[in-house]
Amino acid sequence: MNSYRYHCATQIEMGLGKAKELPALLEALSIGKSLLLVSDPGVIRAGLVEPIQAALVQAGYRVAVFDALKQNPRDTDCLAGAELFRECGAEAVVAIGGGSAMDTGKTIALCGPNGGTPAEYADGQRAYAKVAPIICVPTTAGTGSEVTRSAVITEEATHRKMTLKHAALRPLLAVLDPELTFSVPASVTAATGVDALVHAIEGYTCKVTNPISQALGARAMQTIVPALPLVFQDGGNVQARYAMMEGSLLAGLCFGSADVAAVHCLAEALGGLYDTPHGVANAVFLPHVLRFNAEENKPMHAGLARIMSFAQDQDDEQTAVDKLIAGIEGWTKGLQIPSLRELPGVCEADFPRIVELSMQNGSTPSNVRTITADDYRMILQNAYKQ
């Protein structure tokens, strides 16, 4: 019998219109009156930030805004934000947006008070201490970063995806308001939703999983698989938008005290090299990694097929595994996810570098089946053929 630990200190507020309650929620936390609001230009253009910023100012908060961040955030972005944090005397960070904004916000809350670079923390050269309070308001249903202890940052000089991971990076407060996702484009809805499903699958199956993570992951899979196609087809479907945000939350809670695995390792390598949207990269590799993993663990993957209703209880293990792979491929195809070959910049000449970056990823050892550089190369080649 294995020992395990599950921890989540984040206060979670979920519901339609919850973002309007942010000033009162912050007041109850007594975190100070000077805030650095972190968001990205697209979220600001969509008009999602201004009402929240105005409400905070009206409630007596001093608010500075940092929006100089990119998809797949860079260490240089985080360092610029940390400098602004110090200049404005911020006492807390409020991140409004998707994974890029939340991971950048976490890193600013770490580097702002303490100095140093993201690489120094990721490589164990600096201790995680005195992290400023982090408040997350997600505007997509996918990353789960609002309840995790991790931030994934690209080292611009090397294209390495670094994972900063520590309990101190768990947000103090997560405010989940499905209304903030209504304007998200269909392509972004699809990509972020697939990311959430992969969080649930890998958090459920990885070597460091636990019964609590598996319970949350199973519910997340059952929620996301039927809801994402609905909201992809109709972004105004309130019930489906709510389900996706809840599914993303559950998936974040699933892997947040476990880990991700090989799908994410490949996806993060792709994102570091080509700036590929993270959820798109996850979708490209998911069926191929599932096929590889299932060869060694058919019972678990047959169980996944039944959880997601791709297979029935009466199906034998091999039939259920086959239905899992076919079901995932059909599901992602319906979301109009491009193939690996269709992604901008991707070429076979870069496969050795993608394999190298994947092997360096700290989540590779967590994959349910031990995976080698040759295995990663095979998965890349199989994905590229489609």
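The analysis underlying the following values was restricted to heavy atoms, covering all of them including side chains, and did not include hydrogens, waters or symmetry mates. Because the structure is predicted, anything quoted here is derived from the model rather than measured.
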Q: Between CG of L37 and OH of Y61, what distance do you get to the nearest 0.5 Å?
A: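 Here the rounded value is 13.0 Å.
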Q: With Q214, which residues qualify under side-chain contact (heavy atoms from CB on, under 4.5 Å), at least two apart?
A: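 By the side-chain contact (heavy atoms from CB on, under 4.5 Å) rule, Q214 matches Y204, T209, M300.
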Q: Tell me, please, which residues at least two apart from E83 pass salt bridge (Lys or Arg N to Asp or Glu O under 4.0 Å).
A: R86
Q: Could you work out, with salt bridge (Lys or Arg N to Asp or Glu O under 4.0 Å) as the rule, every residue matching E317, not counting sequence neighbours?
A: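 E317 satisfies salt bridge (Lys or Arg N to Asp or Glu O under 4.0 Å) with no residue once adjacent residues are dropped.
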Q: Cut-off 3.5 Å, no hydrogens considered: what does the side-chain donor-acceptor table look like for residues 130-141, sequence neighbours left out?
A:
none

Q: Decide side chain to side chain donor-acceptor pair (under 3.5 Å) for S145 and D103; before the verdict, give the C-alpha distance in whole Å, the side-chain angles of both, and the deciding distance to 0.1 Å.
A: CA-CA 7 Å; S145 187; D103 284 4; 2.7 Å; yes
Q: Is there a donor-acceptor contact under 3.5 Å linking the side chains of D67 and S39?
A: no
Q: Would you list the pairs meeting ring-ring contact (aromatic ring centres under 6.0 Å, His included) in which at least one residue belongs to residues 288-326, sequence neighbours left out?
A: none
Q: Does some side-chain heavy atom of K298 sit less than 4.5 Å from a side-chain heavy atom of Q318?
A: yes
Q: Just by distance, no angles: are the side chains of T319 and D316 close enough, under 3.5 Å, to form a donor-acceptor pair?
A: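 Yes, a side-chain donor-acceptor pair sits under 3.5 Å.
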Q: Could you list all the salt bridge (charged side-chain N to carboxylate O under 4.0 Å, His left out) pairs where at least one residue sits in residues 5-26, not counting sequence neighbours?
A: E13-K18, K18-E21, K20-E179
Q: Can you pull the side chain to side chain donor-acceptor pair (under 3.5 Å) pairs that have at least one residue in residues 185-197, sequence neighbours excluded?
A: T189-R241, D195-H199, D195-H264, D195-H278, D195-N282
Q: Please determine whether the number of non-hydrogen atoms from other residues, nucleotides or ligands lying under 6.0 Å from atom NZ of K333 exceeds 12.
A: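 At most 12 heavy atoms, drawn from other residues, nucleotides or ligands, come within 6.0 Å of this atom.
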Q: Linking I/L/V/M/F/W/Y whenever their side-chain heavy atoms sit closer than 4.5 Å, directly or via other members, would V368 and V208 fall into one cluster?
A: no
Q: List the steps and the verdict of side chain to side chain contact (heavy atoms under 4.5 Å, CB included) for T10 and E146.
A: CA-CA 8 Å; T10 305; E146 69 274 8; over 6 Å; no
Q: Which heavy atom of A109 sits nearest to which heavy atom of P113, and what is that distance?
A: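 A109 and P113 have their closest heavy atoms at O-CD, 3.0 Å.
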Q: Hydrophobic side-chain clustering at under 4.5 Å (ILVMFWY, transitive links): who's grouped with V260? Put none if nobody.
A: F255
Q: Are Y274 and I354 side-chain neighbours, meaning at least one heavy-atom pair lies under 4.5 Å?
A: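 Yes. Closest side-chain heavy atoms under 4.5 Å.
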Q: Does K106 use its side chain to pair, donor to acceptor, with the backbone of T148 at less than 3.5 Å?
A: yes
Q: With the side chain counted from C-beta on, respond yes when I96 and V38 share a heavy-atom pair under 4.5 Å apart, and no when they do not.
A: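 In short, these two side chains do not touch, never coming nearer than 4.5 Å.
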Q: Does the side chain of I201 come within less than 4.5 Å of L290's, by heavy atoms?
A: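 In short, these two side chains touch, coming nearer than 4.5 Å.
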Q: Within the distance-only criterion (no hydrogens, no angle test), does the side chain of S213 pair as donor or acceptor with the backbone N or O of N210 below 3.5 angstrom?
A: no
Q: Do you know the tightest heavy-atom contact between T143 and S248?
A: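 It is N-OG, 3.9 Å.
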Q: Tell me if the aromatic rings of F351 and Y376 count as close, with their centers under 6.0 Å from one another.
A: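 Judged by ring-centre distance (under 6.0 Å), F351 and Y376 do not meet the cut-off.
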Q: Tell me whether E268 is salt-bridged to R160, with the criterion being a basic N under 4.0 Å from an acidic carboxylate O.
A: no
Q: Taking C-beta and beyond as the side chain, do V93 and L35 meet within less than 4.5 Å on heavy atoms?
A: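 Answer no - side chains too far apart.
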Q: For S363 and A261, indicate whether the former's side chain and the latter's backbone hold a donor-acceptor pair under 3.5 Å.
A: no
Q: Verify whether one side chain among S358 and N361 offers a donor that lies under 3.5 Å from an acceptor in the other.
A: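 Per modelled atom types, S358 and N361 side chains form no pair under 3.5 Å.
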Q: So, does R306 use its side chain to make a donor-acceptor pair with the main chain of Q312 at under 3.5 Å?
A: yes
Q: How close do I31 and A92 get, counting heavy atoms only, and between which atoms?
A: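 Closest heavy-atom pair between I31 and A92: CD1-CB, 3.7 Å.
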Q: Could you list all the ring-ring contact (aromatic ring centres under 6.0 Å, His included) pairs where at least one residue sits in residues 79-132, not counting sequence neighbours?
A: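 Matches after skipping sequence neighbours: Y121-Y128, Y128-H166.
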Q: So, applying side-chain contact (heavy atoms from CB on, under 4.5 Å) with M244, which one of L249, L230, L228 is it?
A: L228
Q: Do V321 and L304 pass the side chain to side chain contact (heavy atoms under 4.5 Å, CB included) test, and can you show the C-alpha distance, the side-chain angles, and the key distance before you say yes or no?
A: CA-CA 8 Å; V321 167; L304 290 180; over 6 Å; no
Q: Once salt bridge (Lys or Arg N to Asp or Glu O under 4.0 Å) is applied, do any residues pair with K70, and if so which ones, sequence neighbours excluded?
A: D77
Q: Would you say L380 and R377 make side-chain contact, with heavy atoms under 4.5 Å?
A: no
Q: Ignoring hydrogens and geometry, is there a side-chain-to-backbone donor-acceptor pair from R341 to Y384 under 3.5 Å?
A: yes
Q: Set out, in order, the CA-CA distance, both residues' side-chain angles and the distance that settles side chain to side chain contact (heavy atoms under 4.5 Å, CB included) for L110 and N114, then state yes or no.
A: CA-CA 6 Å; L110 172 64; N114 298 297; 3.9 Å; yes
Q: Does atom CZ of R219 have more than 12 heavy-atom neighbours from other groups under 6.0 Å away?
A: no
Q: Carefully, step by step, assess I328 and L197 under the rule side chain to side chain contact (heavy atoms under 4.5 Å, CB included).
A: CA-CA 10 Å; I328 288 291; L197 183 68; 4.1 Å; yes
Q: So which atom in A258 and which in G203 form the shortest heavy-atom distance, rounded to 0.1 Å?
A: CB-O, 3.9 Å
Q: Kindly indicate, with the supporting measurements, whether the criterion side chain to side chain donor-acceptor pair (under 3.5 Å) is fulfilled by K207 and T370.
A: CA-CA 10 Å; K207 288 179 179 176; T370 299; 3.1 Å; yes
Q: Under 4.5 Å between any side-chain heavy atoms of Q11 and L172, yes or no?
A: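 Of all side-chain heavy-atom pairs linking L172 with Q11, none is under 4.5 Å.
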Q: Are I371 and L270 grouped together when hydrophobic residues (ILVMFWY) are joined by side-chain heavy atoms under 4.5 angstrom apart?
A: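 As far as the 4.5 Å side-chain criterion goes, L270 and I371 are connected within one cluster.
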Q: Tell me every residue that passes salt bridge (Lys or Arg N to Asp or Glu O under 4.0 Å) with D259, counting only those two or more places apart in sequence or in another chain.
A: K165
Q: For D123, is there any backbone N or O sitting under 3.5 Å from a side-chain donor or acceptor partner on R126?
A: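 Checked: no pair found.
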Q: Is there a side chain to side chain donor-acceptor pair (under 3.5 Å) between R170 and S150 once you walk through the steps?
A: CA-CA 7 Å; R170 290 190 190 276; S150 304; over 6 Å; no
Q: I'd like to know if the side chain of Y6 reaches the main chain of C254, judged simply by a donor and an acceptor atom lying under 3.5 Å from each other, with no hydrogens or angles considered.
A: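 Not a single qualifying donor-acceptor pair exists.
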Q: V188 versus P185: any side-chain heavy-atom pair under 4.5 Å?
A: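 A side-chain contact under 4.5 Å exists here.
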Q: Between D315 and A311 (side chain of the first, backbone of the second, donor and acceptor by atom type, cut-off under 3.5 Å), is there such a pair?
A: no
Q: How close do V65 and L84 get, counting heavy atoms only, and between which atoms?
A: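 In terms of heavy atoms, the two residues are closest at O-CD2, 3.7 Å.
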Q: Which pairs would a plain distance check flag for residues 41-59, meaning a side-chain donor or acceptor within less than 3.5 Å of a matching protein atom at least two apart in sequence or in another chain?
A:
none

Q: Could you check whether E91 pairs with K33 (Lys NZ or Arg NE/NH1/NH2 to Asp/Glu carboxylate O, under 4.0 Å)?
A: no
Q: Walk me through it: do S100 and Q71 pass the test side chain to side chain donor-acceptor pair (under 3.5 Å)?
A: CA-CA 6 Å; S100 296; Q71 179 176 269; over 6 Å; no
Q: Give the minimum heavy-atom separation between T107 and P118, together with the two atoms involved.
A: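 Heavy-atom minimum between the residues: CG2-CG, 3.8 Å.
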